[in-house]
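The structure under discussion appears below in the form of structure tokens.
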Amino acid sequence: MADRLQVLSGDITRLAVDAIVNAANASLLGGGGVDGAIHRGAGPELLAYCRTLGGCPTGEAKITPGFRLPSKHVIHTVGPVWRDGSQGEAQQLGLCYRNCFRLARKHGLRSIAFPAISCGVYGYPRDAAARIAVAECRMAMRDNPDLEQVLLVAFDESMAKVLQQALSAA
Ligand code: ADP
């Protein structure tokens, strides 16, 4: 059980999993950070496909093919922008994970990798975000035995440490 959920350091776009998650913005038309890296890796077909989706509200998720990425799919979700914590940020971040897992289940996916949603330019405090990520992953894995591998991917060592701490707590 423990090994089904792991923290990994590195570039999420290199992973050959059933789906990588994109911390997108509401337009789904690309951006910086992990979003930019995913669009670069997937090629222009991804942007063309995303144009047909009509965007994505905060907390929701949409699935696309992975095109030129090693991952089969990309699940795009839009994390909350951190304001002061009283604007429903935690609920919205939890919903991001939940809606990604809902799509994973619907499409019969067995492996999924998440970046640290909202922990970049959206400014969510990393400790709090990591605790939500771990709690949501554990809940989803309990409910869906078909999930063989869930990866929490950190792009830098400090984020990896924060995620690892959240994983070993509780
Ligand atoms: P958000 O707008 O949701 O905050 P960002 O893309 O700015 O999204 O950042 C989310 C997290 O993704 C940050 O921790 C950032 O360091 C990380 N990140 C950026 N590029 C990659 C990548 N190629 N692979 C994995 N994580 C990445």
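This one's a predicted model, so the numbers in the text were calculated from it and none came from an experiment. Computed from heavy atoms alone, side chains included, the values below leave out hydrogens, waters and symmetry copies. In each ligand, atom 1 is the first atom listed, and ligand 1 is the first ligand listed.
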(message) Just to confirm my output: which protein heavy-atom neighbour is closest to atom 6 (O) of ligand 1, and how far is it?
(response) Val34 N, 2.9 Å
(message) So which atom in Gly79 and which in Cys96 form the shortest heavy-atom distance, rounded to 0.1 Å?
(response) CA-SG, 3.6 Å
(message) For Gly79, state whether at least one heavy atom is located under 4.0 Å from any atom of ligand 1.
(response) no
(request) Considering only non-hydrogen protein atoms, determine which one is nearest to atom 23 (N) of ligand 1 and report residue, atom name and distance to 0.1 Å. (result) Asp11 OD1, 2.9 Å
(request) May I ask you to say whether Asp11 pairs ionically with Arg40, meaning some side-chain N is under 4.0 Å from a carboxylate O? (result) no
(message) With a 3.5 Å distance limit and no angle check, can you tell me whether Asp146 reaches the backbone of Arg105 through a side-chain donor-acceptor pair?
(response) no
(message) Geometry only, no angles: is Arg126 polar-contacting ligand 1 at N/O separations under 3.5 Å?
(response) no
(request) Taking only heavy atoms of Val121 into account, list the atoms of ligand 1 that are under 4.0 Å away from them. (result) 2 (O), 4 (O), 7 (O)
(request) Considering the heavy atoms of Ala116, write down every atom of ligand 1 situated less than 4.0 Å from one of them. (result) 10 (C), 11 (C), 14 (O)
(request) Measure the distance from atom 24 (N) of ligand 1 to every protein heavy atom, then report the residue, atom name and distance (to 0.1 Å) of the closest one. (result) Ile12 N, 2.9 Å
(request) Considering non-hydrogen atoms only, spot the tightest contact between Gln92 and Gln87 and give its length. (result) OE1-O, 4.2 Å
(request) Please determine which of Ile117, Thr58, Asn22 meets the side chain to side chain contact (heavy atoms under 4.5 Å, CB included) test together with Val78. (result) Thr58
(message) Taking transitive links into account, so neighbours of neighbours count too, which hydrophobic residues share a cluster with Val153 at under 4.5 Å side-chain distance?
(response) Leu8, Ile12, Leu15, Val17, Ile20, Leu28, Val34, Ile38, Leu46, Tyr49, Leu53, Phe67, Leu69, Val74, Leu151
(message) Between ligand 1 and Ala37, is the shortest N or O to N or O distance under 3.5 Å?
(response) no
(request) Kindly confirm or rule out an N or O of Ser118 lying under 3.5 angstrom from an N or O of ligand 1. (result) yes
(request) Say whether, by atom type as modelled, one donor and one acceptor occur between the side chain of Asn99 and the main chain of Leu95 under 3.5 angstrom. (result) yes
(message) Would Tyr122 count as a polar contact of ligand 1, with the cut-off being nitrogen or oxygen pairs under 3.5 Å?
(response) yes
(request) Around atom 26 (N) of ligand 1, find the nearest protein heavy atom and jot down its residue, atom name and distance. (result) Phe155 CB, 3.5 Å
(request) Measure the acute angle between the ring planes of Tyr124 and Trp82, then classify it against the limits of 30° and 60° as parallel, tilted or perpendicular. (result) perpendicular
(message) Between Arg83 and Glu89, does any side-chain N to carboxylate O distance fall below 4.0 Å?
(response) no
(request) Using a strict 4.0 Å cut-off to heavy atoms of Gly10, name the atoms of ligand 1 that fall inside it. (result) 24 (N), 25 (C)
(request) May I ask you to identify the nearest protein heavy atom to atom 5 (P) of ligand 1, giving residue, atom name and distance to one decimal place in Å? (result) Gly120 CA, 3.9 Å
(request) Report, in ascending order of atom number, the atoms of ligand 1 lying under 4.0 Å from any heavy atom of Ala23. (result) 3 (O), 8 (O)
